[in-house]
Amino acid sequence: MGTRPGTRRGVAALGTALGTALVLALAGCDNDSPGRTRTERETATAYVDALNARDADALAALGRPGQEGAGEDARGIVAERGGQGLKVTGMDVTHEFGPDFADVAITATDGRGRDHHERLALERDGKAWYVPLGRKAGGTPKPSSGTSRPG
């Protein structure tokens, strides 16, 4: 005995199916979901949005998941370059070092109407592009090159 369209059971079944589809579709829109597709331009636009909002958490979320120090790096970038009210006028994406690395030249005007130019390096993992922040979990920072002689 199946459900016929137009009956109460049929309408209820349709409502349940639509509700389930909506929940699944919304879950797929989560920016932090594995397998999320995010283009170079989408990542660069989200980067500018995070700077404008002075939102270090939003900027850190653009980094590769699991990177140690990403939040600290994001706070430093926001402190140095955030809150300028940038309005993007152009974005040029190039791939000089292979398909998994991108350089985005961002041109914009700031809140005072002055020209602003910024280059943003991105790296791809799967289908998503990330702002390189922090370092691999458990990794050690690279030693700085010394300028003094032992002695």
Side-chain angles (χ1 to χ4, degrees), residues 12-151:
L14 179 60
T16 301
L18 289 175
T20 302
L22 179 62
V23 168
L24 292 174
L26 290 174
C29 292
D30 180 6
N31 287 344
D32 296 328
S33 296
R36 159 87 167 106
T37 299
R38 185 173 59 217
T39 68
E40 302 95 313
R41 289 181 190 279
E42 289 171 332
T43 305
T45 298
Y47 170 84
V48 171
D49 291 345
L51 286 181
N52 284 340
R54 297 187 61 81
D55 188 344
D57 291 336
L59 180 55
L62 296 174
R64 190 183 301 258
Q67 296 290 96
E68 290 180 357
E72 183 180 336
D73 287 355
R75 285 188 295 279
I77 292 168
V78 165
E80 181 183 329
R81 298 193 292 266
Q84 296 182 51
L86 299 176
K87 292 185 180 172
V88 175
T89 57
M91 211 177 274
D92 184 36
V93 179
T94 58
H95 297 271
E96 291 183 34
F97 299 105
D100 293 330
F101 300 95
D103 182 55
V104 183
I106 301 168
T107 54
T109 55
D110 67 14
R112 297 180 180 170
R114 296 179 297 195
D115 289 338
H116 178 88
H117 302 277
E118 184 158 346
R119 296 192 86 76
L120 177 64
L122 299 175
E123 53 191 28
R124 180 170 59 182
D125 184 16
K127 296 177 181 179
W129 288 90
Y130 297 99
V131 176
L133 298 168
R135 63 190 175 281
K136 187 175 181 178
T140 56
K142 293 180 183 175
S144 60
S145 57
T147 56
S148 62
R149 295 189 178 152

Undergrad: Does the side chain of Tyr47 reach to within under 4.5 Å of the side chain of Glu118, using non-hydrogen atoms?
TA: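 The answer is yes, as the side chains (C-beta and beyond) meet within the 4.5 Å cut-off.
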
Undergrad: So which heavy atom on Ala50 is nearest to which on Leu59, and how close?
TA: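 Of all heavy-atom pairs spanning Ala50 and Leu59, the closest is CB-N, 3.7 Å.
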
Undergrad: I'd like to check Glu123 versus Asp100 (side-chain heavy atoms, cut-off strictly below 4.5 Å). Are they in contact?
TA: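 With C-beta onward as the side chain, the pair stays apart.
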
Undergrad: Could you tell me if the side chain of Asp125 sits less than 4.5 Å from the side chain of Arg64, heavy atoms only?
TA: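 Yes, their side chains come closer than 4.5 Å.
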
Undergrad: Does the side chain of Lys127 reach to within under 4.5 Å of the side chain of Arg38, using non-hydrogen atoms?
TA: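 Sidechains of Arg38 and Lys127: no contact.
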
Undergrad: Nearest 0.5 Å please: distance from the CD1 atom of Ile77 over to the CZ atom of Arg54.
TA: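 CZ of Arg54 is found 12.5 Å from CD1 of Ile77.
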
Undergrad: State, to 0.1 Å, how close Pro132 and Ala121 come at their nearest heavy-atom pair, and which atoms those are.
TA: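 Taking Pro132 first and Ala121 second, the nearest heavy atoms are CD-O, 3.1 Å.
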
Undergrad: Just how far is it from atom OG1 of Thr43 to atom CG of Leu120, taken to the nearest 0.5 Å?
TA: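 So the gap between those two atoms works out to 8.5 Å.
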
Undergrad: Under the side chain to side chain contact (heavy atoms under 4.5 Å, CB included) rule, what do Val78 and Asp55 come out as? Steps first, then yes or no, please.
TA: CA-CA 7 Å; Val78 165; Asp55 188 344; over 6 Å; no

Undergrad: Hey, could you give me the NE2/CZ distance between His95 and Arg124, rounded to the nearest 0.5 Å?
TA: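 These two atoms lie 7.5 Å from each other.
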
Undergrad: In the structure I gave you, are the side-chain heavy atoms of Glu40 and Met91 within less than 4.5 Å of one another anywhere?
TA: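 No, their side chains stay 4.5 Å or more apart.
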
Undergrad: A side-chain contact here means heavy atoms from C-beta on lying under 4.5 Å apart; do Ile106 and Val88 qualify?
TA: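 SC-SC contact between Ile106 and Val88 confirmed.
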
Undergrad: Ala60 and Gly71: which non-hydrogen atoms are nearest, and at how many Å?
TA: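 Taking every non-hydrogen atom into account, CB-CA, 4.1 Å.
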
Undergrad: Can you measure from OG1 (Thr107) to CG (Leu86) and round to the nearest 0.5 angstrom?
TA: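 Between Thr107 OG1 and Leu86 CG, I get 10.5 Å after rounding to 0.5 Å.
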
Undergrad: Hey, does Thr37 have a side-chain heavy atom less than 4.5 Å from the side chain of Glu42?
TA: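 Glu42 does not reach Thr37 side chain to side chain.
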
Undergrad: Working to the nearest 0.5 Å, report the span between CG of Asp110 and CG of Asp115.
TA: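 If I round to the nearest 0.5 Å, the distance is 8.5 Å.
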
Undergrad: Would you check if there is a donor-acceptor pair between the side chains of Gln67 and Tyr130 at a distance under 3.5 Å?
TA: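 Their side chains do not contain a donor-acceptor pair, so the 3.5 Å distance test is not met.
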
Undergrad: Could you tell me if the side chain of Val104 sits less than 4.5 Å from the side chain of Arg119, heavy atoms only?
TA: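 A side-chain contact under 4.5 Å is absent here.
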
Undergrad: Please assess Arg41 against Val93 for the test side chain to side chain contact (heavy atoms under 4.5 Å, CB included), listing each intermediate value before the final yes or no.
TA: CA-CA 8 Å; Arg41 289 181 190 279; Val93 179; 4.1 Å; yes

Undergrad: On a heavy-atom basis, which atom in Ala56 and which in Ala74 lie closest, and how many Å separate them?
TA: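 For Ala56 and Ala74, the tightest heavy-atom pair comes out as O-CB, 3.4 Å.
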
Undergrad: When rounded to the nearest 0.5 angstrom, what is the spacing between CG in Leu122 and CG in Leu62?
TA: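 Atom-to-atom, Leu122:CG and Leu62:CG are 9.0 Å apart.
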
